[in-house]
Amino acid sequence: MKEVKLINKKQCDEVFKILFQTWPQAQCELLHNNHFQLLIAVVLSAQATDKSVNKALEPLLQQSPFFSAADLIEMGEESFLKVIKSIGLAPTKARNCFKLAKILQEKYLGDVPLEREKLEELPGVGRKTANVILNVLCNLPTMAVDTHVERLSQRIGLVLQTKDRLKIEEELLKRVPQKYAVKAHHILIFHGRYHCVARKPKCELCPIEHLCLKVGVTH
DNA sequence: ATCCCGAGGG
DNA sequence: CCCTCTGGAT
C-alpha cells in the first residue's frame, strides 16, 4: 500500500508564508538587459547553473550591453559557441540560440513574443523556459517546474509523487496562495538553490522543517 | 527512453 | 571519483 505523502492546504499556506519571509529577495538571477538576452540566458541555463551562464555571458554583455537577435546573427553560430563553450550542452544550445535569433528577426522584428504558443515554437524553448519568460517579463503567475521545483515539491509534500512535470505544475498552481502566485517560482528556486539542496539538505537550519515531510530525504 | 555534455561541489 | 545544475528534442 502506497502511503500518501502530502501536507494539507493550511500547512501549504504556512510553507509559502515562511519561505517568502526567508527569501524576500527571490528573483531571476540571470544577467540580462533586454528581453532577447533573458531568453538566450534561460535557454542556456538548461541543466546548467545560472552562475555558469552568467560567467559565460558577462564578457559579451559587457562589451555589447544591447546585444540583440541581429547581433547574434551577425556574430555567427561558431563565434557564439566559443562564448558559451564553458556551459554544458554548448553545441546544441548554440545551434538553438542561433536558429532562434533568425526566427525572431524574420517573424517578430527581433522582438521576443510574449505568448506561450509562440515561445514554445522556438528551438530550445519548452514549457519550463516559456514559463520563466512569462513570469519574469510579464509578471504572470506561471510555475516553471525545473529540477529545484520538482525536488522541493516532492520533498516538502506540496504535490503527490509523480515525475510528470506538467502535473506538478498544475497541482502547485492550485495550492500556492494567491498572494504568492507570481513570486512562488523564485521562492522555491532560492530555497532549493541555497538551502534545500539536492544531496545534503540543511534540515537542521530549515525554517519549514516542522512542516516538511522530507520525502526521500535520508541522512 | 535516450541523447545532448562542462564546471563546480563534496 | 560521483552527483548536480532553473531541459529540450528525437
Side-chain angles (χ1 to χ4, degrees), chain A residues 19 23 25-32 35 37-60 77 80-101 103 112 116-156 158-159 162-169 172-173 176 182-203 216-219:
Chain A
L19 289 184
W23 309 105
Q25 77 282 32
Q27 60 173 325
C28 178
E29 296 197 303
L30 293 165
L31 290 177
H32 65 282
H35 290 188
Q37 291 172 17
L38 175 67
L39 179 57
I40 295 301
V42 179
V43 168
L44 295 178
S45 73
Q47 296 296 97
T49 61
D50 63 330
K51 254 184 198 171
S52 70
V53 173
N54 287 340
K55 189 174 178 181
L57 290 184
E58 194 174 15
L60 178 66
E77 184 181 325
F80 188 65
L81 174 57
K82 286 178 187 169
V83 170
I84 66 166
K85 194 76 173 164
S86 61
I87 306 174
L89 315 179
T92 305
K93 289 172 178 175
R95 197 175 319 120
N96 283 336
C97 286
F98 187 70
K99 286 166 69 179
L100 179 155
I103 294 174
V112 176
R116 174 182 303 286
E117 298 75 21
K118 293 178 181 174
L119 284 168
E120 291 187 13
E121 281 175 7
L122 302 172
V125 180
R127 180 144 191 116
K128 179 259 166 182
T129 298
N131 277 333
V132 173
I133 297 297
L134 293 172
N135 178 249
V136 175
L137 296 184
C138 308
N139 285 314
L140 290 176
T142 59
M143 180 58 71
V145 182
D146 51 62
T147 178
H148 291 303
V149 173
E150 179 175 336
R151 182 179 67 254
L152 266 68
S153 298
Q154 310 283 8
R155 198 175 263 180
I156 297 169
L158 296 174
V159 303
T162 174
K163 284 188 178 178
D164 186 339
R165 290 194 165 185
L166 185 56
K167 209 169 261 181
I168 294 174
E169 176 183 330
L172 275 178
L173 287 175
V176 174
V182 177
K183 279 280 189 181
H185 164 69
H186 283 109
I187 291 173
L188 290 173
I189 291 293
F190 266 60
H191 195 60
R193 181 180 294 163
Y194 301 115
H195 200 132
C196 189
V197 294
R199 278 202 264 184
K200 275 176 147 184
K202 307 164 189 172
C203 295
V217 177
T218 53
H219 276 127

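In this text, all values refer to a predicted model and were calculated from it rather than measured experimentally. Note on naming: letters A, B, ... go to the chains in the order of the sequence lines (proteins, then strands), and numbering restarts at 1 for each one.
Sorted by first and then second residue, the salt bridge (charged side-chain N to carboxylate O under 4.0 Å, His left out) pairs with a member in residues 124-133 of chain A read A/R127-A/E169; sequence neighbours excluded.
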Pair assignment for DNA chain B - dot-bracket with | for other-strand partners, Watson-Crick or G-U under 3.5 Å: ||||.|||||
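Side chain of A/N135 to backbone of A/C28: no donor-acceptor contact under 3.5 angstrom is found.
A/K118 pairs by the salt bridge (Lys or Arg N to Asp or Glu O under 4.0 Å) definition with A/E115, not counting sequence neighbours. With sequence neighbours left out, A/F98 forms a ring-ring contact (aromatic ring centres under 6.0 Å, His included) with no residue at all. Contacts of A/R165 classified as salt bridge (Lys or Arg N to Asp or Glu O under 4.0 Å), with partners at least two apart in sequence or in another chain: A/E150. With sequence neighbours excluded, the residues that form a salt bridge (Lys or Arg N to Asp or Glu O under 4.0 Å) with A/D50 are A/R193. Residues forming a salt bridge (Lys or Arg N to Asp or Glu O under 4.0 Å) with A/R151 (at least two apart in sequence, or on another chain): none. Checked against side chain to side chain donor-acceptor pair (under 3.5 Å), A/E120 has the following partners two or more places apart in sequence or in another chain: A/R116. Every residue two or more places apart in sequence or in another chain that forms a ring-ring contact (aromatic ring centres under 6.0 Å, His included) with A/H195 is listed here: A/H191.
Taking 4.0 Å as the cutoff to heavy atoms of chain A, we find the contact window on DNA chain B bounded by B/dC4 to B/dG9.
Residues A/K55 and A/P91 both approach DNA chain B. Their nearest nucleotides, taken by heavy-atom distance, put A/P91 toward the 5′ side.
As rounded to the nearest Å, B/dC5 and C/dC5 have C1' atoms that lie 12 Å from one another. When the P atom is used for both B/dG10 and C/dT6, the distance is 14 Å, rounded to whole Å.
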Side-chain donor-acceptor pairs of residues 86-94 of chain A under 3.5 Å, sequence neighbours excluded:
unit_1 : atom_1 : unit_2 : atom_2 : d
A/K93  : NZ     : A/L44  : O      : 2.7
A/K93  : NZ     : A/A46  : O      : 2.7
A/K93  : NZ     : A/G88  : O      : 3.0

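Residue A/S86 is in sugar-phosphate contact alone, with no base atom involved, counting any heavy-atom pair closer than 4.0 Å across all strands shown.
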Generate the contact string for nucleotides 3-10 of chain C. Rules: B means base contact, S means sugar-phosphate contact only, - means no protein heavy atom under 4.0 Å. BSBBBSS-
